[in-house]
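Everything on this sheet refers to the single structure shown next.
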Amino acid sequence: MIPLLNAKAVSFRRSIAIVLIGLVCGGIMIILLSTGLLRGIELKSLDFQFLCRGTIPTSNNIIIIGTDEEALDKIKDPFIFWSPYFANIIKAVAGGGAKAMGLDFLQTIALKKNIDGEDLDGIMADAFMEAQNVIMINLLRWDNSIGGLKAINPLPRYLYAADPDNIGFSNLTIDNDGCVRRQTLLLNDTESNIYAYIGLKVIAKYFNSHIEKKGDHIWVGDCAIPVNSYNEMLINFAGPSGTFPIISFYKVWQLAHQGKTDFFKRYFKDKIVLIGPGNIYSQDFKPTPFYRSQYYSGTRQTLGVEIIANVINTILERRFIISLKFWQTILVILFLGVLTSFTTFKLSPIAGGIVAFAIAVGYANFCIFLFSSYNIYLDMICPLDAIPLAYTAVFTYRYTIEDKEKRRIKRIFKHYVSEEVVEELLKYPGEIPLGGNRVEVTVLFADIRGFTTLSEKRDPRQVVSILNSYFAVMANIILKNKGTLDKYIGDGILAFFGAPIAREEHAQMAVNSAIEMIPMLDVLNKELMLDVPLRIGIGIHSGEAIVGNIGSERKMEYTIIGNTVNTASRVEGLTKELQANILITEETFSRLKILDNITPEKEFTLRGMTKLIKLYRVET
């Protein structure tokens with residue numbers, strides 16, 4: 001039973017501390033999250049999740065034709081004069097039934113109309129006009145003179161030959177570390193013109209649908225693409241560079257030049273075809289999450305046309321990476337902070353550290369599982385950082401506040417009560433009324449008869465040795481019965497039961513102690529081999545008393561005062577007169593559950609008191 005202690009109040013206060021610690025630590029990480037200070041590390045955690053997931057299958061409807069080393073070696077014309085080669089491939093692919101094409105090349109300079117009798121720009125324009133499904137690229141650049149974006153478009157001749165709407169910007173969205181992880185799909189210029197990314201344009205052409213922004217989604221046909229407030233979509237990269245097979249530009253041109261229409265119908269019908277740089281000499285490379293990982297070290301950075309393919313693949317396969325909203329991430333951080341605080345609060349630092357580490361590992365694996373299985377991306381760094389922060393805060397709080405009070409309690413009571421009782425007290429350190437409290441207790445007063453005469457006949461060192469042996473035996477009995485050893489008064493012992501931990505059976509504990517003390521005294525007498533054996537008288541009385549820390553700044557002790565103490569002392573004084581080892585009062589007798597070997601004595605008026613008190617003899 002808990003002591004003078006309001007267990008519910010202590011438990012409630014501790015629960016409040018646990019929650020507050022978790023919330024405060026979570027709040028610190030939320031502030032860091034909102035400031036973006038850990039954004040760079042968070043992006044690396046996304047790369048890590050891509051690495052853990054590994055590569056995934058790509059859509060069979062996406063084909064890349066890349067300019068390769070073989071083409072550079074065998075086509076003798078400078079690259080700027082390759083228009084006829086591109087035109088042949090575009091016509092052949094369109095003739096094969098491709099639904100949409102994306103051309104990742106930008107030509108802004110008009111060539112001479114006649115080089116060796118060929119109109120190069122006209123050849124390309126004719127190919128665009130014939131295909132009618134080729135999406136060209138433009139570039140959007142910031143123009144200080146207009147204070148906004150300005151488009152750098154292909155040749156007007158190309159735009160008119162194809163369709164002015166068949167154009168999309170190729171600007172990549174690059175994070176601060178130079179890595180591409182997301183792509184802006186829509187941009188506005190100063191004249192409120194809306195530009196779409198080439199990959200989005202290709203998808204719209206493939207679905208034969210329009211692009212429409214509604215809320216936090218961009219709609220293309222029946223496909224809703226989740227985007228943030230900047231119209232950015234996280235790219236679900238299927239793998240590192242090379243995940244999408246790249247067909248040789250030169251081999252495709254050879255087949256087109258040879259008129260292999262069956263090949264093009266067989267391989268390109270109803271497909272999305274991207275044509276772009278595919279050789280190692282291209283400058284169109286960017287790092288992506290897989291390139292950043294050590295596992296894929298040695299692989300090249302990802303080609304721009306491969307990034308376009310990954311954007312299209314994400315949309316076509318509807319493998320959108322779903323990020324939590326900011327408020328949802330806040331809840332995750334707060335939950336982990338409170339969970340860590342709750343699970344580690346009562347543990348040792350080592351056990352708490354193991355639990356905190358397990359929570360961190362569990363959350364990291366949970367993030368990887370959601371990302372790998374359901375394309376759900378959870379912030380890792382701020383939530384994970386909340387765990388060690390909460391762990392540190394818990395043990396800092398315990399050491400500076402709660403454990404400090406426990407150390408104080410232990411320092412005060414270790415000389416008065418047993419270790420078992422001390423441990424009970426430490427469970428509710430804040431509820432121990434050290435300043436004083438009126439409680440119901442049973443007081444035991446024991447005194448050695450005739451010890452003054454005995455001590456006068458012996459050497460002082462022998463007297464001290466006898467007393468130390470006696471006190472050690474008797475103190476052990478009192479502490480074993482969960483009593484509080486108040487003090488030694490000369491050769492007397494003052495103890496009480498029922499404080500600092502309140503116990504209903506305090507009277508029985510006191511009587512049990514007294515009964516054990518008598519035979520143990522006989523054992524001690526045999527060990528001491530005194531010519532006159534020690535004899536003691538024990539007086540026990542129950543009632544209200546004041547217990548608490550009493551004294552001055554120089555000396556303070558936990559003790560008991562009040563009439564109950566005086567009564568127990570006077571009852572002990574009658575033991576010699578009545579030739580009794582143990583005497584108890586009516587107040588103690590009425591609280592006992594075991595009444596064996598107890599006989600009533602007559603009523604007495606104790607010294608200094610007027611009221612008659614009935615006494616009982618306890619036989620041993």
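FYI, the numbering just counts along the sequence from 1. Scope of the values below: all heavy atoms of this structure, side chains included, with no hydrogens, waters or symmetry mates. Because the structure is a prediction, the values reported are computed rather than measured.
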* Any idea which heavy atoms bring Gln49 and Cys367 closest together, and the distance? -> OE1-O, 3.4 Å
* To do: Describe, in one word, how the ring planes of His257 and Trp253 are oriented to each other, choosing from parallel (under 30°), tilted (30 to 60°) and perpendicular (over 60°).
  => parallel
* Any side-chain heavy-atom pair of Ile64 and Leu303 under 4.5 Å -> no
* Asked: Does Ile194 CD1 have over 12 foreign heavy atoms under 6.0 Å away?
  -> no
* **Ile235 and Thr288: CA distance, side-chain angles, deciding distance, side chain to side chain contact (heavy atoms under 4.5 Å, CB included) verdict** => CA-CA 10 Å; Ile235 306 172; Thr288 58; over 6 Å; no
* For the pair Asn310 (side chain) and Ala238 (backbone), establish whether a donor and an acceptor sit closer than 3.5 Å, ignoring hydrogens and angles. => yes
* Tyr391 versus Gly353, closest heavy-atom pair with distance -> CE1-N, 3.2 Å
* Asked: Is there a side chain to side chain contact (heavy atoms under 4.5 Å, CB included) between Leu316 and Tyr206 once you walk through the steps?
  -> CA-CA 10 Å; Leu316 201 60; Tyr206 181 79; 3.6 Å; yes
* Is Asp163 salt-bridged to Lys205, cutoff N-O under 4.0 Å? -> no
* **Heavy atoms of other groups near Phe263 CZ, more than 12 under 6.0 Å** => yes
* Any idea which heavy atoms bring Met136 and Ala162 closest together, and the distance? -> CE-CB, 4.1 Å
* **Heavy atoms from other residues, nucleotides or ligands near CZ of Phe326 exceed 12 (cutoff 6.0 Å)** => yes
* To the nearest 0.5 Å, how far apart are CZ in Arg182 and CG in Leu234? -> 4.5 Å
* Asked: Does a side-chain heavy-atom distance below 4.5 Å link Arg319 with Ile56?
  -> yes
* Residue pair Pro289 / Leu51, side-chain heavy-atom distance below 4.5 Å -> no
* If you measure from CD1 on Ile315 to CG on Leu185, what distance do you get to the nearest 0.5 Å? -> 5.5 Å
* Structure fact -> Tightest non-hydrogen contact, residues Phe237 and Arg53, listed as O-NH2, 2.5 Å
* Structure fact -> Closest non-hydrogen atoms of Ala360 and Ile387, given as atom of the first, atom of the second and distance, are CA-CD1, 3.5 Å
* Would you list the pairs meeting side-chain hydrogen bond (donor to acceptor under 3.5 Å, both in side chains) in which at least one residue belongs to residues 373-384, sequence neighbours left out? => Glu42-Tyr377, Asn236-Asn375
* Asked: Any sub-3.5 Å donor-acceptor pair from Glu306's side-chain atoms to Gly242's backbone N or O?
  -> yes
* Does NZ in Lys91 sit with more than 12 non-hydrogen atoms of other residues, nucleotides or ligands closer than 6.0 Å? -> yes
* **side chain to side chain donor-acceptor pair (under 3.5 Å) partners for Arg266, two or more places apart** => none
* Could you give the distance from CD1 (Ile307) to CD (Gln301), rounded to the nearest 0.5 Å? -> 9.0 Å
* To do: Please answer whether the main-chain N or O of Asn231 pairs with a side-chain N or O of Asn228 as donor and acceptor at a distance below 3.5 Å.
  => yes
* Are the side chains of Phe264 and Val252 in touch, meaning some heavy atoms are under 4.5 Å apart? -> yes
* May I ask you to decide if Asp77's main-chain N or O and Trp82's side chain share a donor-acceptor pair within less than 3.5 Å? => yes
* **Thr302 vs Lys286, side chain to side chain contact (heavy atoms under 4.5 Å, CB included): CA-CA, chis, key distance, verdict** => CA-CA 5 Å; Thr302 305; Lys286 291 295 178 185; 5.8 Å; no
* Asked: Under 3.5 Å, side chain of Glu317 to main-chain N/O of Thr314, donor-acceptor pair present?
  -> no
* Please confirm whether the backbone N or O of Ile109 pairs with a side-chain atom of Gln107, one donor and one acceptor, at under 3.5 Å? => yes
* More than 12 heavy atoms of other residues, nucleotides or ligands under 6.0 Å from OH of Tyr160: is that the case? -> no
* To do: Please confirm whether Phe50 and Phe371 have ring centers closer than 6.0 angstrom.
  => yes
* Asked: Within a strict 4.5 Å, meaning less than it, do heavy atoms of the Leu120 and Pro84 side chains meet?
  -> yes
* To do: State whether the side chain of Asn133 and the backbone N or O of Ala98 hold a donor-acceptor pair below 3.5 Å, judged by distance alone.
  => yes
* Distance-only, no hydrogens or angles: does the Asp177 side chain make a donor-acceptor pair with backbone N or O of Cys179 under 3.5 Å? -> yes
* **Short side-chain to backbone donor-acceptor contact, Thr67 and Gly278, under 3.5 Å** => yes
* Nearest atoms (heavy-atom pairs only) where Ile62 meets Ala309 -> CD1-O, 3.8 Å
* **For Tyr197, the option from Asn171, Thr184, Leu172 that meets side-chain contact (heavy atoms from CB on, under 4.5 Å)** => Leu172
* Can Val332 and Leu378 be said to form a side chain to side chain contact (heavy atoms under 4.5 Å, CB included), step by step? -> CA-CA 9 Å; Val332 170; Leu378 303 183; 5.5 Å; no
* Asked: About how many Å separate CG of Asp175 and CZ of Arg181, when rounded to the nearest 0.5 Å?
  -> 5.0 Å
* Gap separating the CD1 atom of Ile63 from the OH atom of Tyr267, nearest 0.5 angstrom -> 9.5 Å
* Asked: Are Phe86 and Phe105 an aromatic pair by the rule of ring centers under 6.0 Å?
  -> yes
* Structure fact -> Residue pairs meeting side-chain hydrogen bond (donor to acceptor under 3.5 Å, both in side chains), one or both in residues 342-357, sequence neighbours left out, come to none
* Asked: Are Asn313 and Thr58 linked by a side-chain donor-acceptor pair shorter than 3.5 Å?
  -> no
* Asked: Is there side-chain contact between Ile30 and Leu334, with at least one heavy-atom pair below 4.5 Å?
  -> yes
* Asked: Is any side-chain heavy atom of Asp47 less than 4.5 Å from a side-chain heavy atom of Leu43?
  -> no
* Any side-chain heavy atom of Trp142 sitting closer than 4.5 Å to one from Leu149? -> yes
* Asked: Looking only at atom types and distance, does a side-chain atom of Lys265 sit under 3.5 Å from a main-chain N or O of Gly95, one as donor and one as acceptor?
  -> no
* Determine whether more than 12 heavy atoms belonging to other residues, nucleotides or ligands lie under 6.0 Å from atom NZ of Lys150. => no
* To the nearest 0.5 Å, what is the distance between CE (Met124) and CG (Leu103)? -> 5.5 Å
